[in-house]
Amino acid sequence: MTQKPNLPEILAPAGNTDSFLAALAAGADAVYCGLKHFSARMEAENFSIKELAQLTGLAHARGARVYVTLNSLLKPGEPDQAGRLLERLERIVKPDAVIAQDLGVAELARQVGFTGQLHLSTLANCTHPAGLITAKKLGFSRVVLPRELSVDEIRDMAAACPEGLDLETFIHGALCYAVSGRCYWSSYMGGKSGIRGRCVQPCRRVYSQKGKKERFFSCQDLGLDVLVRPLTQIPEVRTWKIEGRKKGPHYVYYTVKAYTILRNPDSTARDRQDGQELLKLALGRPTSHYNFLPQKSHNPVSQDSHTGSGLFVSKTKGAARNPSISPRMELLPGDLLRVGFEDQAGHATIKVRARVPKGGRLDLRMPPKVFPAPGTPVFLVDRREQDLVNILREIREELKTISVPGARESNFTAALPKPGKKGIPATEITVFRHLSGGGPRGRQVVSGMWLIPGSERKVPKPLFSRVWWWLPPVIWPGEEKGWRELIRNVIRSGGKTFVLGAPWQREFFQDLKHITLWAGPFCNLGNPLAIQAMARLGCSGAIVSPELNREDFLELPAKSPLPLGVVQHGNWPLCIARTVSPHLKTTEPFASPKGEEAWTRKYGQNYWTYPNWAVDLKEKKGDLAKAGYTLFVNLVEPLPRGVTMKHRSGLWNWDLKMV
């Protein structure tokens with residue numbers, strides 16, 4: 001008997017009003033969007049409370065749902081501000097759900113009496129089946145899955161869904177090189193945190209290795225197109241998500257239209273071909289289905305085609321001061337062209353003033369002092385064809401009829417947990433890939449070790465109880481059984497202290513009677529409410545996010561319900577990914593245009609990329625200890641041959657204002 005197809009909702013992105021209206025006009029079942037603060041796409045226009053209230057009213061009148069993203073990491077002093085936003089959302093906007101990665105947002109939602117659903121962002125990195133149980137315990141009713149999963153892994157996640165929890169999966173849009181929530185590259189290079197929605201996309205840049213210059217980390221877009229059909233046979237997957245809150249209405253309209261056709265179980269081969277043609281009109285990058293088909297995966301890091309956003313139009317001709325193009329398709333008045341790549345100095349956006357036929361000539365009026373070299377690629381990044389302009393004009397008239405309640409300010413104050421006791425004496429641990437330990441007499445130095453399958457067999461049994469066993473930041477569905485067995489073996493051999501690489505790994509430890517759990521730095525904890533959530537999961541301490549700046553570091557211990565640790569020195573990854581360019585040689589250094597060096601190494605299924613200078617807060621240890629930190633962590637990574645660590649400032653965001 002053939003299973004009846006599940007018809008999931010199509011969830012469209014909206015970074016501005018026109019894109020929101022385009023989503024509704026195209027028939028999206030739901031729209032997700034952000035506010036001016038606490039959104040993981042802060043480079044989008046985003047919305048004020050008043051704007052969003054009116055748009056939500058229109059969406060509800062049309063039978064569509066609205067999900068609001070409050071999915072950035074919260075710093076120690078931000079729970080009040082985030083809570084006031086939540087309270088105003090509940091009172092004025094009435095969205096159907098809030099999407100969050102920070103566990104503190106879930107607690108704030110409870111405090112303000114939010115009546116919508118809580119969805120766990122893909123930035124929270126819930127990557128394995130057991131984690132779904134923990135997500136449900138923390139109040140989430142939906143988990144947004146990582147883009148890296150195959151359809152078989154999605155089925156594994158679906159089979160583990162507890163009652164009252166469903167799944168959301170990406171079907172189209174930009175791919176980050178790194179696993180979501182596991183990228184610190186932008187932050188490490190200058191305070192603009194991707195986890196805070198401020199990523200400057202260092203992965204899109206040109207890097208050099210042994211004289212070869214390439215975009216080793218720049219990915220094509222995800223595009224499942226006709227491959228989405230198997231997802232209709234997984235009822236727990238309730239939502240198909242289109243990425244693109246920085247995209248224009250043209251992209252939103254055509255992707256929603258295309259996937260509405262491709263979702264239809266009665267669609268013909270001709271219909272599906274029409275859907276694919278609509279996707280070509282959406283002006284995205286070249287697409288890849290990535291890992292979706294496990295037997296035929298695609299590497300999205302491709303040097304064989306460009307990865308600039310937009311539809312390739314032409315290359316510039318003539319002198320740099322007077323460039324022109326001969327477009328390969330008709331250009332319309334109002335079209336936006338981008339000359340060059342987003343990550344290159346001197347790229348520019350040009351507006352087409354008059355129709356240009358296919359094969360015609362368009363002289364580019366470049367901004368002052370911008371001179372593109374001959375052969376610079378030009379992309380069509382947005383257009384306003386008359387039919388869509390008319391559609392948006394009509395729906396804007398409908399929007400004017402939606403009344404908005406008074407938008408008075410909120411006086412909400414977050415109820416913070418009571419500060420806890422220090423719990424442990426001042427302790428320093430050094431975490432190795434392979435066991436090492438000891439230290440000068442008179443100092444309490446305890447060894448830490450990354451828990452890697454097989455590594456436990458190299459550790460003398462008498463040392464098991466002394467070692468702090470660190471779980472990795474990412475565990476994939478097919479690895480879960482092996483990790484459960486490995487953890488059981490370590491515990492049987494005397495292991496007592498474990499450091500979680502993600503909150504969702506709590507489910508690997510059923511009985512904590514003789515076990516101590518710490519939330520590790522990859523849990524991305526930066527505020528007392530998130531730390532309180534980890535305490536409720538049974539953690540005895542927490543190592544805070546190393547992204548924090550001085551003010552945040554020193555403020556947090558006085559508010560924390562748990563003893564706190566900090567990464568004071570060592571190798572911290574720029575990012576962790578599930579793929580690597582076939583042109584990049586792992587364990588060999590590569591360099592940015594500014595001469596910053598790094599290397600990539602594979603551990604298990606993941607590729608870790610490290611800079612060749614360390615985090616170094618050792619000179620700040622006195623200040624940190626005075627503030628209340630009791631655990632100080634050193635991370636030691638074996639250096640590949642040919643890699644030399646540089647002596648340069650490793651303060652990360654200490655002296656910056658992390659944004």
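Heads up: numbering here begins at 1 and tracks the sequence. Keep in mind that what you see is a predicted model, and the values were worked out from it rather than measured.
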Over all atoms of both residues, closest heavy-atom pair of Leu145 and Thr122: O-OG1, 3.4 Å

Pair Tyr177 + Trp185: ring centers closer than 6.0 Å: no

Salt bridge (charged side-chain N to carboxylate O under 4.0 Å, His left out) partners of Glu398, counting only residues at least two apart: Arg62

Residue pair Arg263 / Glu9: nearest heavy atoms and the distance that separates them: NH1-CA, 3.9 Å

Mutual orientation of the aromatic rings belonging to Tyr207 and Phe590 [parallel < 30°, tilted 30-60°, perpendicular > 60°]: perpendicular

Distance-only donor-acceptor check, side chains Arg205 and Ser592, under 3.5 Å: no

N-O pairing of Glu547 and Arg198 below 4.0 Å: no

Short side-chain donor-acceptor distance under 3.5 Å, Gln209 and His583: no

Nearest non-hydrogen partners of Glu330 and Arg383, listed with the distance: O-NH2, 3.1 Å

Residue pair Tyr253, Ile391: steps toward the side-chain contact (heavy atoms from CB on, under 4.5 Å) verdict: CA-CA 10 Å; Tyr253 185 83; Ile391 290 170; 3.5 Å; yes

Set of side chain to side chain contact (heavy atoms under 4.5 Å, CB included) partners for Asn264, sequence neighbours left out: Asp266, Ser267

Geometric class of the His172/Tyr251 ring pair [parallel <30°, tilted 30-60°, perpendicular >60°]: tilted

Passing candidate, side-chain contact (heavy atoms from CB on, under 4.5 Å) with Leu70, options Asp102, Leu35, Ile99: Leu35

Heavy-atom pair with the smallest gap, counting every atom of Val252 and Pro13: CG2-O, 3.5 Å

Neighbour count >12 (heavy atoms, 6.0 Å) for atom CZ, Arg396: yes

Test: Asp363 and Arg365 ion pair at under 4.0 Å: no

Any donor-acceptor N or O pair under 3.5 Å, side chains Asn390, Gln386: yes

Salt bridge (charged side-chain N to carboxylate O under 4.0 Å, His left out) partners of Asp96, counting only residues at least two apart: none

Arg182 bridged to Glu148 by N-O distance under 4.0 Å: no

